[in-house]
Protein chains: 2
Amino acid sequence: MTHAFRRAGFPTIADVAEHAEVSPATVSRVMNGRFAGEESVADRVRASATALGYRPSHLARSLALGRTGAIALVVPDLGNPAFQAVLAGLTRAAASDGYRVLVADSTESPGDEPDLASEVRHRCDALVLCAPRMPDDRLAALDAELSPLVLVNRERAGVPSVGIDYAGGIAQLAEHLIGLGHEHLAYVAGPEASVSDRHRRRGLDRVRESNPGVSIHELPGGATTDDGRRAADNVRQTGATAVLAFNDLVAIGLIDGLSALGVRVPDDVSVTGFDDVPFARYTAPALTTAAVPHERLGADAWDRMRALLRGEAPAPDELLPASVVVRASSGPRLRA
Amino acid sequence: MTHAFRRAGFPTIADVAEHAEVSPATVSRVMNGRFAGEESVADRVRASATALGYRPSHLARSLALGRTGAIALVVPDLGNPAFQAVLAGLTRAAASDGYRVLVADSTESPGDEPDLASEVRHRCDALVLCAPRMPDDRLAALDAELSPLVLVNRERAGVPSVGIDYAGGIAQLAEHLIGLGHEHLAYVAGPEASVSDRHRRRGLDRVRESNPGVSIHELPGGATTDDGRRAADNVRQTGATAVLAFNDLVAIGLIDGLSALGVRVPDDVSVTGFDDVPFARYTAPALTTAAVPHERLGADAWDRMRALLRGEAPAPDELLPASVVVRASSGPRLRA
DNA sequence: CCGCGTCGAGAAAGCGCTTTCTCGCCAGGA
DNA sequence: TCCTGGCGAGAAAGCGCTTTCTCGACGCGG
C-alpha cells in the first residue's frame, strides 16, 4: 500500500522484483514454481507479491507463453437449456485439464456469427463452434482461421465433430406417435437453414418411406417458445392429430398456443418435443420428448479438442443417439 | 497460402509488413484506420493482409493498448434463466459501447468463486460480479483487486451496485397470500449465506410485524428445482396453507414434490416463486411469482460500468422493484 | 594453488501489437 | 539558391511476462 504503481493499474512483475530486490526473472520463476535457488529468496518474493497485491497479467502471460489456457464456445442461444448443458459438460471436461471455457452467444445477431466466432477464437487457444445456421460457405471460408476447431451438431471434412442423431431421434418419436394410432402428423420445423433441422427432416423422410399410410405435414417454426406459440394456429389448420416440434421450447410454446385456441393436449392433439430440457417434465402436460445427452456432447467435444491441442489425432466423429421419453403430452388418437 | 508462417500459428503483423514491403507500423495504422499516407500503400497492405489471411492477435493488441474491450460477468448459475436475462441485458448494453461480455459460471465450485472472479477479471477490463453466496470478508479482501467492479444484488461501500428489492417483492407476495385468507405461511429459503435470501427474510420480518396473526415458518431450501422437490415433505409437515419459495426454480420443484405427495396446488397449498422466469407461465399450475426486470438489471450494471471505465462517477446504487404476477399456483385458503 | 564443474540469479531477447519520435523528402516562399 | 514547413513512413521503445543464455561465485579434485 505504500508503493506507487507504475500506471493507475496493478503492480507489475517489475514492481515486485524491485520490492524484493531481485530480478523479474526470479519473480517469474517463483510465481510459477520453477524456482530452484535459496528458499529465503523465494520467501522474500512471495512476501513482496502479497504486500503489493500483485496479480500476474493473464494477457502478458498468454502472449509470452503463446497459449491462453482458455477455449471459446459459441452457441446460438444460451437461453436454451440444451446449450447450457453442452456448456456445462464442456466446462467440466476442460477444467479437468486446466482449461477455462469462455462462452459467446450469437442470439442477438446471427448475421455476424462468423465475426463473433473469429473474435472469440482469437482470445483463446481454440474454438468449439455450435452454429447450426451458419451457411456452409461461410464456415468453409472460416475453418482454417478458426483452427483448432471442433464442431457441434454439424459435420465438415477435416474438422472433428460431435453431434446428435436427430434423424434417428425424430424418427423414433414419429414411430411412437404412429404406434399410438396417429396417421396425420405435423412437424413444426426449426429455423431456416438449420443443419439439425435438415437432419430431422431426413429422419422424417425415412419414416414416410416405411409408413406409406402416414402423412407428415411440415410447417415453418423456429427454435423458441414464441415460435411455437405462433405455429399453433397453423398446426390446428392442418388437422394433424399429432405434432412433432423442432425442440422442447417450441413444443412448450405450441402447447400453450394450442390451449389458447381451445385445443387440448394430448386429447385433441399429441405434441412431442426434442432435447428433454430440465423443464420438460414440469410442463402441463409433461412433455414427451427425445432425451439427448448434451453434457456428454460437451465432454466429447473436449475430448476431440484436447487431442487437437496436443497435436494428436482426434477420435473419429461421433453421433450420439437420442432416446424417446414418453410423458403425458402424447396419447392415443382419440378422434375418429 | 504460398507463404510460410513464422510459427505453426497465424501470420503476424510482421509477415504482412514484409509481404507488403512496408513497416509494421504502417500495417498497424492501416488496420486501425489511422493511416494518413498514400492510398496505394494502404491498398497494398490490405491486399497482403487478405492474401496471408492475417488476423490481428487480440492478445498482443490488448497488451499494447492496455485494454481488452471485454468485461467479465460472474454468475452463480447460468442454468437459472434469471441470470441469463442479466447476461442478455448486460451483453446488449455493453455491445452498444463496443464491449464484449465473457461469462463465467461458478456452479461447479462455489468455493473458489473468488479465484474464478479474480482470474476472469484479469482477462478483461472490468468485472460485473453476481456472487450472492460469497462471504463478506472474502469480497472485502478482493474488491480492490477486482476493480473496476460492479456488484449485482449485493451492496458494498465504495463499489457501485444494482439490485432487486427482494424484501419488498417477497413482502408483496406474502401480502397477496394473506389477502387470500392464508394465515400459516412457510418460506422455503435460499442457499445458506445467500445475500438475497437475507433480504427476503428481512421482508418477511416486516410482514410479520404488520400482520401479528400470521405465522411464517422458515424452512431450509436452496436455489434449484431439486432443492424445491426435497423441501416438499418438510412443507407438508408444517401444515402451512401457502408457501413462498426462494425463487421460481424452487417453486417448480416444490410443486412437483407436493404433487408426488398427493398435495394439490393451489387447492391444498398455494405456492409462489420469485423471478418470473420464462417458464413460470408454463408450469402446472402456472406460477404466481414476482416479476423482476433482470435485463434492466444487466443494462443498469453496464451503465455503472461504463462510467467507471470512463473515469466518471457512476450513478448511485439502485434497487429495482419486483412486481407480483398472479397466476394459478396461488388461491384462496380452502381448508378450515 | 589452479582449473573446472555447479549452482544461484540476473541480463536480455522475444511474444505481436501500438505509438511516439524521428527522419528524409519535396514544395513553396524569400 | 537556400531555408522552412509539412507530409509520408520507418525506427524503436514499450505493454508485462517467460525463458534462454550468461556470468560470477563457490567448492572440489588434481
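Below, chain A is the first sequence line, B the second, and so on; all start at residue 1.
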N or O in side chain of A:Ser23 less than 4.0 angstrom from C:dG10 OP1/OP2: yes
Short side-chain N/O contact from B:Ser28 to OP1 or OP2 of C:dT18, under 4.0 Å: yes
Pair A:Tyr54 + A:His19: ring centers closer than 6.0 Å: no
Touch class at under 4.0 angstrom, heavy-atom based, for B:Thr26 against every strand present: sugar-phosphate
Side-chain N or O of A:Arg61 closer than 4.0 Å to phosphate OP1/OP2 of D:dT18: yes
Spacing of B:Asp15 atom CG relative to C:dC17 atom C1', expressed in whole Å: 13 Å
Rounded distance in Å - CZ (A:Arg29) to P (C:dA11): 11 Å
Ion pair check, A:Arg138 and A:Glu113, cut-off under 4.0 Å: no
Side-chain donor/acceptor contact of A:Arg55 with base of D:dG16 under 3.5 Å: no
Test applied, side-chain contact (heavy atoms from CB on, under 4.5 Å); reference residue, B:Asp143; option that passes from B:Leu127, B:Leu149, B:Leu129: B:Leu149
Phosphate OP1/OP2 of D:dG16: any A:Ser57 side-chain N/O under 4.0 Å: no
Touch class at under 4.0 angstrom, heavy-atom based, for A:Val27 against every strand present: nothing
Salt bridge present between A:Arg154 and A:Asp136 (N-O < 4.0 angstrom): yes
Closest to side chain of A:Ala25, choosing from C:dC17, D:dC17, C:dA11: C:dA11
Phosphate-side-chain proximity, B:Arg34 and C:dT19, N/O vs OP1/OP2 below 4.0 Å: yes
Comparing B:Ala60 and B:Val22 on DNA chain D - which has the more 5′ nearest nucleotide: B:Val22
